[in-house]
Amino acid sequence: MKDTVLDILEDLTGSDEVRNDLDIDIFETGLLDSMGTVQMLLELQAQCGIDVPVSEFERTEWNTPNKIIAKVESMQ
């Protein structure tokens, strides 16, 4: 699951920083914006089978690769 999440993040951000630093804040660094967030949630839904409504999305809970991996794993 970790590799799938990292692949999605790497594709969306166009950067391997998300793989090299799992605690990088993808929003503060500008690697992902609001449109990228929607794309990320759609990809996670398609590839990992989780459903996160945008209305329930809390940015501080999804702002690093480590947090995203943990959230996806907890939702499966």
Side-chain angles (χ1 to χ4, degrees):
M1 188 53 52
K2 178 179 176 179
D3 284 332
T4 302
V5 171
L6 292 175
D7 287 344
I8 291 169
L9 289 174
E10 198 169 21
D11 286 345
L12 291 175
T13 63
S15 172
D16 62 356
E17 283 183 71
V18 294
R19 197 176 289 277
N20 296 331
D21 181 2
L22 297 181
D23 291 314
I24 191 171
D25 189 315
I26 58 175
F27 300 114
E28 283 190 13
T29 57
L31 289 172
L32 208 63
D33 59 13
S34 57
M35 189 59 165
T37 301
V38 173
Q39 290 174 311
M40 176 185 72
L41 293 177
L42 290 173
E43 282 299 316
L44 290 173
Q45 182 177 0
Q47 294 187 39
C48 304
I50 64 162
D51 187 27
V52 182
V54 175
S55 60
E56 295 177 21
F57 178 82
E58 181 59 49
R59 193 166 138 163
T60 58
E61 295 176 6
W62 295 81
N63 62 343
T64 70
N66 269 334
K67 288 182 182 178
I68 295 168
I69 293 164
K71 283 292 255 186
V72 169
E73 289 175 348
S74 73
M75 298 176 84
Q76 288 192 314

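Scope of the values below: all heavy atoms of this structure, side chains included, with no hydrogens, waters or symmetry mates. In this text the structure is predicted, and so the values were computed from the model without any measurement.
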### Message
Assess the residue pair Val52 and Leu44 against the criterion (side chain to side chain contact (heavy atoms under 4.5 Å, CB included)); give the C-alpha distance rounded to whole Å, side-chain angles, the decisive distance to 0.1 Å, and a yes or no.
### Response
CA-CA 9 Å; Val52 182; Leu44 290 173; over 6 Å; no

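Identified under the side-chain hydrogen bond (donor to acceptor under 3.5 Å, both in side chains) test for residues 34-45, with sequence neighbours left out: Glu43-Gln47. Within the structure, no pair that satisfies the salt bridge (charged side-chain N to carboxylate O under 4.0 Å, His left out) test touches residues 46-60, not counting sequence neighbours. Residue pairs meeting the ring-ring contact (aromatic ring centres under 6.0 Å, His included) criterion with at least one partner in residues 44-76, sequence neighbours excluded, are Phe57-Trp62.
Partners of Arg19 under the salt bridge (Lys or Arg N to Asp or Glu O under 4.0 Å) rule, at least two apart in sequence or in another chain, are Asp3, Asp7, Glu10. Take Lys71 and apply the salt bridge (Lys or Arg N to Asp or Glu O under 4.0 Å) test, not counting sequence neighbours, and it matches Glu61.
In this structure, CG in Asp33 is found 11.0 Å from CE in Met40, a value given to the nearest 0.5 Å. A distance of 10.5 Å separates CD of Glu73 from CD1 of Ile50, quoted to the nearest 0.5 Å.
Within a 6.0 Å radius of NZ in Lys2, other residues, nucleotides and ligands contribute 12 heavy atoms or fewer.
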Kindly list each side-chain donor-acceptor pair under 3.5 angstrom involving residues 23-30, sequence neighbours excluded, with atom names and distances?
| residue | atom | partner | partner atom | Å |
| --- | --- | --- | --- | --- |
| Asp23 | OD1 | Asn66 | ND2 | 2.9 |
| Asp25 | OD1 | Phe27 | N | 3.0 |
| Asp25 | OD1 | Glu28 | N | 2.9 |
| Asp25 | OD2 | Asn63 | ND2 | 3.0 |
| Thr29 | OG1 | Asp25 | O | 2.7 |

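The two residues Cys48 and Met1 have their closest heavy-atom pair at SG-SD, 3.4 Å. The shortest heavy-atom contact between Pro65 and Asp21 is CG-O, 4.1 Å.
Between Leu6 and Leu22 the shortest side-chain heavy-atom distance falls below 4.5 Å.
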